[in-house]
Amino acid sequence: MNLLAELRQRFAAALESLEPGTVELAEMVLPSKDAKHGDYQANCAMPLGKRLKQPPREIAQQLVDRLEVSDLCEPPEIAGPGFINLRIQDTWLTEQLQATLSDKSQLGVTPVAEPRTFVLDYSSPNVAKPMHVGHIRSTVIGAALYRVLKQLGHRVISDNHIGDWGTQFGMIIYGYKHFVDEAALAEAMVPELSRLYKLVSQLVDYHATRSQKIPDIEQKINEVVARLEEMHDATELEHDKDRKKAAKKLRQAEGQLVDLRKTLDSLRRTVAVVDDDPALAALAAEHSKIGAAVLAETAALHVGDATNKALWDRFLPACLAEIDATYERLGVTFDHALGESFYHDRLAGVVEDLTARELVEESDGAKCVFLDGHQAPFIVQKQDGAFLYATTDLATVQYRLEEWKPDAIIYVVDHRQSLHFEQLFATLRLWARDGMKEIELQHVSFGTVLGEDGKPYKTRSGSAVGLTGLLDEAVERAHKIVCENDDARDESYGGPFLSADERQQVAQRIGIGAIKYADLAHNRTSDYVFSYDKMLAMNGNTATYMQYSYARVRSIFGKGDVDLVALRTGGASLRLEEVQERALGLALVQFSEALSRVAADYRPNHLTTYLFDLASKYSSFFENCPVLKAEDDVTRDSRLLLCDLTARTLARGLELLGIETVERM
RNA sequence: CCACCCGUAGCUCAGUGGAUAGAGCAAGCGGUUCCUAACCGCUAGGUCGCAGGUUCGAUCCCUGCCGGGUGGACCA
C-alpha cells in the first residue's frame with residue numbers, strides 16, 4: 001500500500017467536510033524530515049486558516065476532529081503554528097509488513113488504479129558507430145523507468161529508435177566499395193565494418209577540416225583578435241557600469257580566443273595524423289571528394305539503389321548484433337527496435353498530410369511548420385527534397401499512435417535536443433487539433449557526463465569514450481578492489497572466502513552496477529562528473545554499498561542455516577521494539593512511495609535515495625540488534641523476518657534500476 | 001541578440017512553499033572477544049550566486065543582475 005497516498009485520501013475527506021473545494025490541500029501531507037515531528041506531517045492548516053480567516057491552530061484542531069486515521073495513526077498532534085504531526089501505529093506497521101511477507105511479487109506495491117500505456121523511447125544508438133559514454137544515461141535511465149512503471153502496474157512499451165539509415169551507413173558503403181578486405185569481412189564482419197567506418201570517417205573529416213573547419217576557425221580568430229584590439233581602446237569609459245561591462249566582454253573574448261586556439265590546434269592535429277602517415281595521405285589525395293561521395297551513397301540507399309540496399313541488408317544484422325552484445329552486458333532489453341529505416345516510406349505521407357491540413361509553408365524552398373513562440377521553423381523537408389529527422393520523428397509518433405494507442409510517449413534524450421522536442425511537440429499539438437489524438441509528450445532530458453576537469457568526458461585525443469572500454473575498466477577496477485578486500489579479510493572472520501571465479505563474477509556485478517548506479521543516483525537534469533573512484537567507493541550512495549548491505553543480510557541466513565520458506569509461512573510474528581527496528585520497518589513500508597515518486601517526474605534518483613536510506617537504516621539495525629544471537633527465539637524470528645524483507649526490497653529496488661546483487665562479496 | 005538549463009559545506013552531489021537546509025568524500029575523535037569493519041557512532045564545516053518582490057512562512061515561486069553551460073532554417 002502507498003501509505004502517503006492513503007493519508008492524503010484521509011485528509012482529502014476531512015478537508016472536504018470542513019470546507020468544500022479544498023481537497024487539493026491534501027497534497028500538503030508529506031513525510032516528516034525530522035523523526036521528532038512524527039512520521040508524516042500535514043501542513044495544510046496554515047493556508048486554510050488564512051483562507052477562512054481563522055487561527056491555523058484552531059483549523060488544525062477541526063481537521064483533526066474530522067480526520068479518520070485511528071486505524072493507522074496514533075492520535076495526531078498539533079504543533080507550532082499549526083502543523084499536524086502523524087505517527088504511524090506500530091501495530092499497523094507490523095500488520096502491513098506481515099502482509100508484505102507473503103506478497104511475493106509486489107512487495108507491498110499495489111498496482112495503480114488506472115493503468116496507462118507508455119511508449120518509452122531510449123538509448124537510440126547509431127549502428128556502425130560504436131556506442132560511447134553519451135549513450136549510457138539514456139539507456140540506463142530509460143531502462144530503469146521502464147521497469148519502475150511496469151512494477152507500478154502500467155503498460156509500457158519500449159522502442160529503441162536506432163539510427164540505421166543515416167550518413168554513417170553511407171560511409172560503410174563507400175568504405176566497402178573502395179577499401180574492403182574481403183577476407184577480413186568473411187572472418188569477422190563487425191570489426192572490418194568498424195575499420196571501414198573509421199577510415200572513411202577519418203578521410204571525410206580530414207578534407208572537411210582542411211578545406212572548411214580550419215579556415216573558418218582562423219577567420220573567427222582574426223575577428224576576435226580585431227575585436228579585442230577595439231576593446232582595449234574602450235576601457236577608458238566614464239561610468240562604472242559601462243567599464244564593468246566592457247571588462248566582462250573583454251574577459252569573455254579572451255576566453256573565447258583561448259578556446260578557439262585550442263580547437264584550431266586539435267584540428268591541425270587531426271590533419272597532421274593523416275599527413276604524417278604516407279599510406280593515409282595517399283588515400284586522402286586519391287579520395288579528395290569523399291565527403292560528397294558518401295552523401296551520394298547515402299542518397300542512393302534512400303532512393304532504393306539495389307546495390308546499396310543489398311549491402312545495407314547484408315551489414316545491418318551484424319551491426320545490430322554488435323549493439324545487442326552491449327545491451328546484453330548492461331542487462332537492457334527492448335520490446336521493439338524500429339529504427340529510422342522503418343519509417344522511410346511514411347515520410348512523404350507525413351509531409352503530404354501536414355500540407356493538406358495547411359500546417360506547412362514553403363520558405364527558402366524548404367517545407368516548414370511555423371510555430372508560435374519560436375524564431376526558427378520546424379523544417380520537415382529540405383530544399384533538395386530530402387527529409388530530416390524532424391520528419392522521421394513525426395512519422396514515428398504517427399506510427400506509435402496507430403499501433404499502440406499510448407497515453408504518453410516519453411523520450412529519454414539529452415538536454416541539448418530540448419529545442420527539437422519543443423518544436424516536435426508543438427507541431428504534434430497542431431496536428432492533434434486536426435485529427436490526431438492528444439497525449440502526454442515528455443522529453444525526459446538529462447545532463448552531460450563530465451570528466452574530472454568539468455568538461456564533457458572525452459579521451460585525451462578528444463574523441464568520445466567507448467562504452468565497451470568504459471565497462472571493462474569499471475569491472476577491472478572492481479576486480480582489484482574485490483581481491484584486495486577479500487585478501488585482507490582477517491583470520492577471525494575466517495580469512496578470504498571468494499574463489500577466483502566468484503571474484504570475477506562479483507567484479508562484473510559491482511563494476512557494471514557502479515556505473516549504472518552513479519548515473520541513476522544523480523538528478524538527471526544536471527551534469528555530473530564521472531569518477532571511477534567515487535562510483536566504486538565502498539561508502540556513501542553507491543551501488544557497492546547497497547550490494548554490500550544485501551550480501552550482509554544474506555550471509556545471516558547462511559550462517560544461521562535459516563529456511564526462509566519455513567520462516568515466512570511458519571507464523572512467526574514480526575515486532576518493532578528497538579528504535580532501529582521501527583525505523584527499518586517504516587522504511588520498508590515506504591518502498592511503494594519511492595516508486596510513485598520516480599514515476600511522478602521520471603526521476604530514478606528518488607529510488608536510489610530511498611535505497612540508500614533503507615541500506616543505512618539496515619546498517620544501524622545490524623549494528624544494534626543482534627539477529628542470530630538475539631536474546632530469545634521470538635526476537636530472533638522477528639528480526640529474521642525484517643532481514644528477509646530488507647533483502648527482498650533491496651534486491652527488487654536494485655533490480656528495477658538494472659543492478660544485480662551478489663550473495664557474498 | 002534570443003531561448004532553455006545550472007549556481008547549495010573545501011570537493012562531489014541530494015533536497016523542499018514549512019519547524020534547526022542534508023549525505024558521501026576530505027579533516028578530527030571514538031567503536032571489532034559478537035551475524036561481512038566494503039560497517040557504525042560523534043565533532044567540525046553554510047549570507048542555499050547577489051538584490052528586490054509575492055507569502056503567515058522563500059534556498060524553492062516572480063523580476064532584475066552576476067557567473068557557468070547548452071541550443072538557435074534545411075546535421076542528428
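Chain identifiers are assigned alphabetically (A, B, ...) following the order of the sequence lines, protein sequences preceding nucleic acid strands; residue numbering begins at 1 within each chain.
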What about A:Gln41, does its side chain sit under 3.5 Å from the base of B:rA19 through a donor-acceptor pair? yes

For RNA chain B, the residues among residues 550-560 of chain A that have a non-hydrogen atom under 4.0 Å from it: A:Ala551, A:Arg552, A:Ser555, A:Ile556, A:Lys559

Check whether any side-chain heavy atom of A:Val627 lies under 4.5 Å from a side-chain heavy atom of A:Cys643, and answer yes or no. yes

Using a 4.0 Å heavy-atom cut-off across all strands, classify A:Arg603 as base, sugar-phosphate, or nothing. sugar-phosphate

Assess the side chains of A:Thr525 and A:Asn523: does a donor N or O sit below 3.5 Å from an acceptor N or O? yes

Regarding the side chain of A:Phe497, the nearest nucleotide among B:rU36, B:rA14, B:rG24 is B:rU36

What residues in residues 530-537 of chain A put a non-hydrogen atom under 4.0 Å from any atom of RNA chain B? A:Lys534

If the plane angle is over 60° it's perpendicular, under 30° parallel, otherwise tilted; pick one for A:Tyr389 and A:His420. parallel

Hey, are the side chains of A:Phe497 and A:Arg489 touching, using non-hydrogen atoms and a 4.5 Å cut-off? yes

Can you establish whether the number of heavy atoms outside A:Gln61 located under 6.0 Å from its atom CD is more than 12? yes

Could you give the CZ-to-C1' distance, from A:Phe612 to B:rC25, as a whole number of Å? 11 Å

Within the 4.0 Å heavy-atom criterion, would you say A:Pro81 contacts the bases, only the backbone, or no part of the nucleic acid? nothing

Reckon A:Cys44 touches a base, only the sugar-phosphate, or nothing at all at heavy-atom distances under 4.0 Å? nothing

Decide, applying a 5.5 Å centre-distance limit and a 30° plane-angle limit (both strict), whether A:His37 stacks on B:rA19. yes

Taking 4.0 Å as the cut-off, does a side-chain nitrogen or oxygen of A:Asn539 come that near to OP1 or OP2 on B:rC25? yes

Ignoring hydrogens and geometry beyond distance, is a side-chain donor-acceptor pair present between A:Asn541 and A:Tyr517 at under 3.5 Å? yes

Hey, are the side chains of A:Phe11 and A:Cys44 touching, using non-hydrogen atoms and a 4.5 Å cut-off? yes

Assess, by modelled atom type and distance only, whether the side chains of A:Arg416 and A:Ser445 contain a donor and an acceptor separated by less than 3.5 Å. no

Under 4.0 angstrom, heavy atoms only, what part of the nucleic acid is A:Val529 near: base, sugar-phosphate, or nothing? sugar-phosphate

Applying salt bridge (charged side-chain N to carboxylate O under 4.0 Å, His left out), which residue pairs with at least one partner in residues 616-628 of chain A are found, sequence neighbours left out? A:Asp613-A:Lys617

Check the distance between B:rA76's C1' and A:Leu424's CG and give it to me in whole angstrom. 13 Å

Any donor-acceptor pair under 3.5 Å between the side chain of A:Arg489 and the base of B:rU36? yes

Compute whether any side-chain donor of one residue and acceptor of the other, for A:Tyr550 and A:Glu663, lie under 3.5 angstrom apart. yes

What parts of residues 613-623 of chain A reach RNA chain B, counting only heavy atoms under 4.0 Å away? A:Ser619, A:Ser620, A:Phe622, A:Glu623

Base, sugar-phosphate, or nothing: which does A:Leu419 touch, judged by heavy atoms less than 4.0 Å apart? sugar-phosphate

Quick check on B:rU36: is either OP1 or OP2 less than 4.0 Å from any side-chain nitrogen or oxygen of A:Tyr545? no

Do NZ/NE/NH1/NH2 and the carboxylate oxygens of A:Asp519 and A:Arg524 come within less than 4.0 Å? no

Syn or anti for B:rA73, taking syn as within 90° of 0? syn

For the pair made of CG in A:Asn624 and P in B:rC40, what is the distance, rounded to whole Å? 11 Å

Distances under 3.5 Å only, N/O to N/O: pair up the protein atoms with those of nucleotides 57-63 of chain B.
none

Check every strand shown and say whether A:Leu388 touches a base, only sugar-phosphate, or nothing at a heavy-atom separation below 4.0 Å. sugar-phosphate

Side chains of A:His522 and A:Asp527, donor plus acceptor under 3.5 Å: no

Interatomic distance, A:Asp487 CG vs B:rA38 P [rounded to whole Å]: 13 Å

Considering every strand and a 4.0 Å limit on heavy-atom distances, what is the contact class for A:Asn43: base, sugar-phosphate, or nothing? base

Ignoring hydrogens and geometry beyond distance, is the side chain of A:Thr392 in donor-acceptor contact with the base of B:rA76 at under 3.5 Å? no

Identify every side-chain donor-acceptor pair in residues 506-513 of chain A under 3.5 Å, counting partners at least two apart or on other chains, and give the distances.
unit_1, atom_1, unit_2, atom_2, d
A:Arg509, NH1, A:Thr661, O, 2.7

Whole-Å distance between B:rG68 P and A:His415 NE2? 16 Å

Within the structure shown, what part of the strands sits under 4.0 Å from A:Glu340 by heavy-atom distance: base, sugar-phosphate, or nothing? sugar-phosphate

Examine the base of B:rA19 for any acceptor or donor lying under 3.5 Å from a partner atom in the side chain of A:Asn85, and report the outcome as yes or no. yes

When you match A:Asn523 and A:Gly80 each to their closest nucleotide on RNA chain B, which lands nearer the 5' end? A:Asn523

So what does A:Lys36 touch, heavy atoms closer than 4.0 Å: a base, only the sugar-phosphate, or nothing? base

Rounded to the nearest angstrom, tell me the gap between atom CZ in A:Arg416 and atom C1' in B:rA3. 17 Å

Any donor-acceptor pair under 3.5 Å between the side chain of A:Tyr548 and the base of B:rA38? no

Need one value for A:Ser526: base, sugar-phosphate or nothing, where a base atom within 4.0 Å counts as base even if backbone is also close, heavy atoms only. sugar-phosphate

From CZ of A:Phe446 over to C1' of B:rC4, roughly how many Å is that when rounded to an integer? 16 Å

Within this structure, what is the CZ-to-P distance between A:Phe421 and B:rA76, rounded to whole angstrom? 13 Å

Salt bridge between A:Glu58 and A:Lys53, side-chain N to carboxylate O under 4.0 Å? no

Are A:Lys36 and A:Asp34 within salt-bridge range, i.e. N to O under 4.0 Å? yes

Touch check for A:Ala79, heavy atoms < 4.0 angstrom, all strands: base, sugar-phosphate only, or nothing? base

Give the nucleotide from the list B:rA19, B:rA73, B:rC35 with an atom nearest to the side chain of A:Ile379. B:rA73

So A:Asp34, base contact, sugar-phosphate only, or nothing? Heavy-atom distance under 4.0 Å. nothing

Tell me whether the OP1 or OP2 atom of B:rG15 has a side-chain N or O from A:Asn605 closer than 4.0 Å. yes

pair A:Tyr545-A:Ser619: side-chain heavy atoms closer than 4.5 Å: yes

With a non-hydrogen cut-off below 4.0 angstrom, is A:Asp414 in contact with a base, only sugar-phosphate, or nothing? nothing

Classify the nucleic acid contact of A:Ser32 as base, sugar-phosphate or nothing, counting any heavy atom under 4.0 Å across all strands shown. nothing

